There are 2 protein chains.
Amino acid sequence: MNIQPPRTRIQRKNTQAILEAALLVFSRHGFRGATLDQIAAAAGLSKPNLLYYFPSKEAVHVTLLSQLMDTWLDPLREMDPDGEPVEELLGYVRRKLQMSRDFPRESRLFANEILQGAPRMQEVLATDLRKLVDEKVTIIRGWAAAGKIADIDPHHLIFSIWALTQHYADFDVQVRAVLGEDRDPFAEAETFLRTLFTKLLRP
Amino acid sequence: MNIQPPRTRIQRKNTQAILEAALLVFSRHGFRGATLDQIAAAAGLSKPNLLYYFPSKEAVHVTLLSQLMDTWLDPLREMDPDGEPVEELLGYVRRKLQMSRDFPRESRLFANEILQGAPRMQEVLATDLRKLVDEKVTIIRGWAAAGKIADIDPHHLIFSIWALTQHYADFDVQVRAVLGEDRDPFAEAETFLRTLFTKLLRP
DNA sequence: TATTGTTTTGACCATCTGGTCAAGATCACG
DNA sequence: CGTGATCTTGACCAGATGGTCAAAACAATA
C-alpha cells in the first residue's frame, strides 16, 4: 500500500520501471496472458519485490489504464472551438496518428481492454469519455451548421479518426506483412489520411 | 487425432459445438485468457470430453483461425475487376461492414491474434493475404489510371476499409458507450461509410 | 558506528489449468 | 440381443501462477 507520489528516490525509480515493464507485457499478452514473473523480470526485479510496490497484478493494470486515459484523450481535448475547423480536425488526426506511431504499446493496451469488453473501463467510457466526445460533437455540429465543413455525423467522424489512426498501431503486424519490408506505414498514412479527411470535410 | 471430415453424427455435432464455444470464449478473453473448462462448459461438455475431439487447446485455436481466414477474405475476393469501380469498392465496404455486424466474435478473434503479434498467423499474412491484397491493389491502380476513381494509394485504401468496418465490431463496447443506448451503430455506420468512401473515391 | 526504517529475497502456499488415463456408459450394427 | 467401436467421465498429475512472510541486506541519519 504505497501513497500516490512515491516518497523516496528508490520508490520513484522502481514504480516507474514496473509500470514501463507492465505496459510492454500487458500490451502484448493482455491482462490474463501476462504474468507477474514476466513483468518483474522486464523491470529487473524479483516477483516479491514487485509486490512490495503494488498490492496485486490487478493494481498494476489499473494504475496503467488510468494513467493512460489521461494522455490518451489529450489530442482530442486540444481541439480548439475557435480555430479554423478543417485545420483543427486535420490537426487532431495528425496528433492521433503520431500517438499511434510513438506510443503503440499504449494503443494496444487500450485495444486489449476494449476487446475484452472493457471490464475495467466501462465506467470511464460511459462518463468521462462520453462527456468529452459530446462536447466536441457540439463544436463540430456548429462548424457544419456554419458551412465550414461538410454536414456529416460528428460521432462517426470521430470514430473514423480513432479507427484509422489506431489501426496503424494495433494492426501494425498486419500492415507491415501486407506492405512489405521497405515501406514506412506511418509516413504513408500521414499523407493518405490528410487526403482522406480533406476530401471528407470539404463542404 | 481426428480426421478432417468428422465421420459420425456425434462427432460432427460436438466438434461444431466446441468450435462455436471456443469462438465465443477466445474472442472475449484471448488465447491465454480462455480456459478449457470455460470452453467445455460453453459447449456443454466436460473438459476431458473436449480433449477427446481436439488434442490440445492450441489445436482448437488453430482450427478456428484457419477456418476464419477463409470466410474473412471472401468479401475482398468478390471484388470484380470488370465491375463498375466505385460500385465494386462501395460493395466491398458494405459486405465488410455486414460481416462486422453479423460476425463480431470472428472479428474480435482476429483482432486479438493480430494484437498479440500474430504468433500463429504471420505466415498466412505474409503469403496468402499479401498475395490477395497485391492482386486487388493492381486492379484498383488500373481503375485509378483509367480515371474511374481518385488517384489514392490502394494499399491504404484497403487498410482504411478494414479499419473503419472492423472498428464497429472490435470497439463495439466503446462505440455504444459513447453513442448511448438508443442509437444503432451499424445502421448509422452504413450511411456514414457510404458517404465517406463516395467522397474519397470521386476522381 | 549504531540505530532505525526501507528494500529485497528465498522459501513457501493454495489455486488454477492443460492434459492424461483407465474404466464405465452409450451407440451402431449384425 | 450381443458385441465391438465410439463416447464420456471422475480422479488424478505436473507445472505455472498470484500472492505471503519472515528474515536478511541495505540506506539514511544521527
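Values reported hereafter were calculated over all heavy atoms of this structure, with side chains retained and with hydrogens, waters and symmetry mates removed. The model shown is predicted, which means the values in this text are computed figures rather than measured ones. Each chain gets a letter, A, B and so on, in the order its sequence line appears, and its residues count up from 1.
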request  = Provide, to the nearest angstrom, the distance between the NZ atom belonging to A/K13 and the P atom belonging to C/dT7.
outcome  = 11 Å

Check: A/S100 side chain, A/T165 main-chain N or O, donor-acceptor pair, under 3.5 Å = yes

request  = For B/Y52 and C/dG18, give me the distance from atom OH to atom C1', rounded to whole Å.
outcome  = 20 Å

key: Check: A/R77 main-chain N/O paired with A/K136 side-chain donor or acceptor under 3.5 Å   = yes

request  = Using whole Å, report how far CZ of B/F54 lies from P of D/dC7.
outcome  = 13 Å

query = Taking NE2 from B/H61 and P from C/dG18, how many angstroms apart are they, rounded to a whole number?
reply = 13 Å

key: With A/R176 via side chain to side chain donor-acceptor pair (under 3.5 Å) - residues at least two apart   = A/D172

Whole angstrom value for the distance that separates C1' of C/dT6 from CG of A/N14 = 12 Å

Atom-pair distance (CG on A/N49; P on C/dT9), nearest Å = 5 Å

key: Donor-acceptor contact present, side-chain A/R194 to main-chain A/A189, <3.5 Å   = no

Polar atom pairs (N or O), protein with nucleotides 26-30 of chain C, under 3.5 Å:
| unit_1 | atom_1 | unit_2 | atom_2 | d |
| --- | --- | --- | --- | --- |
| C/dA28 | OP1 | B/R9 | NH2 | 2.6 |

message = Quick check on contacts: within residues 17-46 of chain A, what sits under 4.0 Å from DNA chain C by heavy-atom distance?
response = A/R32, A/S46

Residues in salt bridge (Lys or Arg N to Asp or Glu O under 4.0 Å) contact with B/E58, at least two apart in sequence or another chain = B/R120

ask   = Over how many whole Å does the gap from A/Q11 atom CD to C/dT8 atom C1' extend?
value = 13 Å

task = Can you tell me the distance, in whole Å, between the CG atom of B/L51 and the P atom of D/dA11?
result = 18 Å

request  = Just do the side-chain hydrogen bond (donor to acceptor under 3.5 Å, both in side chains) check on A/H156 and B/E188 with the steps written out, would you?
outcome  = CA-CA 8 Å; A/H156 291 272; B/E188 300 180 9; 2.6 Å; yes

remark   = Across all chains, not counting sequence neighbours, the side chain to side chain contact (heavy atoms under 4.5 Å, CB included) partners of B/D128 are B/V124

note = Residues passing the side chain to side chain donor-acceptor pair (under 3.5 Å) test with A/S107, sequence neighbours excluded, are A/D170

query = Quick one: the side chain of A/K47 and the base of D/dG18, do they pair up donor-acceptor inside 3.5 Å?
reply = yes

inquiry  = Counting only heavy atoms not in B/E78 (residues, nucleotides, ligands), do more than 12 fall under 6.0 Å from its CD?
reply    = yes

